[in-house]
There are 2 protein chains.
Amino acid sequence: MPRAIFEGIYRDLKGKIQEGSYAYQEFLPPESTLTEEYGCSRNALRRALSMLADDAYVQPMHGRGVRVIWQRKDHSTQGVLEGVESFGEYARRNGLEPSTSVKSFEHVVCSAGLAHRTGFAEGTELLRVVRVRSLDGVARQVDHDYFLASAAPGLTAEVAEESVYSFLEERLGMRILTSRRSITVQLATDEDCSYLELGPYNCVAVVESQSYNSDGVMFEYTQVRHHPDAFCFNTVSRR
Amino acid sequence: MPRAIFEGIYRDLKGKIQEGSYAYQEFLPPESTLTEEYGCSRNALRRALSMLADDAYVQPMHGRGVRVIWQRKDHSTQGVLEGVESFGEYARRNGLEPSTSVKSFEHVVCSAGLAHRTGFAEGTELLRVVRVRSLDGVARQVDHDYFLASAAPGLTAEVAEESVYSFLEERLGMRILTSRRSITVQLATDEDCSYLELGPYNCVAVVESQSYNSDGVMFEYTQVRHHPDAFCFNTVSRR
DNA sequence: GCCGATTTGTCCGTATGTATC
DNA sequence: CGATACATACGGACAAATCGG
């Protein structure tokens with residue numbers, strides 16, 4: 001486990017905040033003290049603090065100190081999307097049993113309209129996959145995935161039934177590093193209604209995302225249509 | 001304008017990418033070249049690059065180079081929420097005429113239920129404001145704001161009719177630095193329907209946010225209920 | 001109001017590690 | 001293997017904001 005120093009400090013401080021060693025609204029010890037405690041350089045420590053600030057765990061104040069702004073029960077942490085996370089990882093984190101049903105699996109060539117929607121270049125060979133994903137047997141979302149065919153050799157419907165991400169990462173050694181997302185609300189289509197038990201809702205939450213692998217190549221465009229009851233997206237903004 | 005070196009480089013590079021000096025999928029010059037061009041240290045340059053990576057403008061690749069992954073017409077930039085942005089800033093950026101109608105303005109004391117929902121401490125004095133916000137005369141969203149009364153002295157219904165943020169920032173010298181958000185989809189309430197012309201939709205996009213000022217004090221909890229047609233939230237994830 | 005101590009913010013130069021070519 | 005390029009880490013310096021006497 002080759003872990004960077006700043007990452008170790010980051011995790012340690014994060015844990016201490018979560019367990020209450022540093023309480024909500026309290027100030028962390030000054031940088032000078034922490035660098036001594038961790039026996040590291042100021043740069044390494046400051047990088048860890050900066051990551052905690054990105055997570056909205058702390059807020060540094062010029063000339064004053066670093067205040068903890070994380071609080072437990074920050075709304076329940078269940079049923080929440082975070083960062084770049086696959087469906088399976090999400091299920092595991094919430095203690096639910098995931099299952100997937102592949103509804104469609106085909107090769108397509110990227111049309112002009114599709115190019116505009118997805119960001120793939122026109123004429124590119126793509127793999128189109130439609131899947132319904134359930135947790136504990138209840139259908140929660142419909143995935144419409146487009147994979148760059150050249151980047152996913154050996155991807156089959158059987159694989160898609162399991163986890164595409166673990167296939168890409170473990171089999172092909174690909175890493176997903178960056179993902180651009182947009183969230184909208186749309187009227188449910190007949191297809192949505194046939195797959196999801198929408199109950200009183202006539203809308204779904206739609207997350208479109210473009211994902212880039214470690215080569216800086218966009219290899220996936222996904223539109224995920226979520227059941228409103230099974231959708232909560234958390235994020236932090238700073239300026 | 002006291003601007004940090006890394007920020008100047010960040011803006012310069014960002015502009016060059018947007019105007020096409022560095023094209024999509026192209027590699028930036030290596031760090032060594034860029035530090036020479038900008039006459040700065042490697043640290044300053046790397047910080048700028050790191051910010052561009054956070055914006056999904058570039059993707060650094062170990063041992064290879066830094067590739068541009070931003071592309072123009074990354075879906076239209078209209079009608080899009082970004083970062084910590086007020087309604088007025090958003091309207092101006094999209095060339096629309098904002099207007100606001102205050103529906104309610106009252107002092108309340110934070111109850112146990114409200115404390116759990118908002119994250120304010122029970123018993124805190126709050127200012128509750130309900131506003132309907134329109135663009136070019138069309139109602140787009142209903143805001144339910146709770147402000148920490150002690151942090152917003154002099155806030156009146158008349159001020160709320162204009163911009164609360166510019167009041168807080170310009171009058172009180174407060175800065176909003178960090179904001180935690182969650183996005184969900186909920187059934188429209190009778191109130192939603194009475195304010196927004198929802199048409200075929202029976203749902204709204206709900207953005208809840210907790211905002212912290214420069215003192216690290218949570219001074220605002222907001223629940224904004226958006227018309228589905230007027231809602232698009234963009235974000236970037238990395239891991 | 002001033003001054004000095006404390007604390008965070010920015011910046012630099014350098015060294016070493018590691019992945020890619 | 002060597003050259004290139006990004007990643008991590010250290011130590012030192014000065015600036016800027018805050019606070020207390």
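Since this is a predicted model, take the numbers as computed values, not measurements. Labels below follow one simple rule: chain letters A, B, ... track the order of the sequence lines, proteins then strands, and each chain is numbered from 1.
The distance between atom CE of A/M51 and atom P of D/dA7, rounded to the nearest whole Å, is 14 Å. Straight-line distance from the CD atom of A/E36 to the C1' atom of D/dG11: 15 Å, rounded to whole Å. When rounded to the nearest whole Å, the span between CG of A/L45 and P of D/dG12 equals 16 Å. In this structure, B/R67 places its CZ atom 15 Å from C1' of D/dA5, rounding to the nearest Å. When rounded to the nearest whole Å, the span between CZ of B/R238 and C1' of D/dA7 equals 13 Å. Straight-line distance from the CZ atom of A/R47 to the C1' atom of D/dC10: 14 Å, rounded to whole Å.
Side-chain atoms of B/Y146 and B/Q223 form no donor-acceptor pair, as typed in the model, at a separation below 3.5 Å. Under the 3.5 Å distance criterion, with hydrogens and angles disregarded, a donor-acceptor pair is assigned to the side chains of B/E208 and B/Y221.
Note on ring orientation: taking the six-membered ring where Trp is involved, the planes of B/Y212 and A/Y24 are perpendicular (angle over 60°, cut-offs 30° and 60°).
Residue contacts shown for B/R46 include a base, since a base heavy atom lies under 4.0 Å away.
For A/S150, the side chain to side chain contact (heavy atoms under 4.5 Å, CB included) partners are A/L148, not counting sequence neighbours. For A/S32, the side chain to side chain contact (heavy atoms under 4.5 Å, CB included) partners are A/P30, not counting sequence neighbours. With sequence neighbours excluded, the residues that form a side chain to side chain contact (heavy atoms under 4.5 Å, CB included) with B/D12 are B/K16, B/Y38.
Across all strands shown, D/dC1 has no partner, as no Watson-Crick or G-U wobble contact with both distances under 3.5 Å is found.
Reading DNA chain C from its 5' end, the first and the last nucleotide to sit under 4.0 Å from a heavy atom of chain B are C/dT10 to C/dC21.
The base of D/dA7 sits with one of its N or O atoms less than 3.5 Å from a complementary donor or acceptor on the side chain of B/R42.
Between B/D215 and A/R64 there is a salt bridge, since a side-chain N of the basic residue sits under 4.0 Å from a carboxylate O of the acidic one.
Residue-to-nucleotide proximity on DNA chain C shows that, of A/P60 and B/A44, the 5′-proximal contact is made by A/P60. Between A/I5 and B/S32, it is B/S32 whose nearest contact on DNA chain D lies nearer the 5' terminus.
For B/E162, the CD atom is loosely surrounded, since the number of other residues' heavy atoms within 6.0 Å does not exceed 12.
Pairs of residues two or more places apart, or lying in two chains, that qualify as salt bridge (charged side-chain N to carboxylate O under 4.0 Å, His left out) and include a residue from residues 145-155 of chain A are A/R131-A/D145.
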Please produce a list of atom pairs where a protein N or O lies less than 3.5 Å from an N or O of nucleotides 15-19 of chain D.
from: D/dA16; atom 1: N3; to: A/H62; atom 2: NE2; distance (Å): 3.0
from: D/dC19; atom 1: OP1; to: A/R64; atom 2: NH1; distance (Å): 3.1

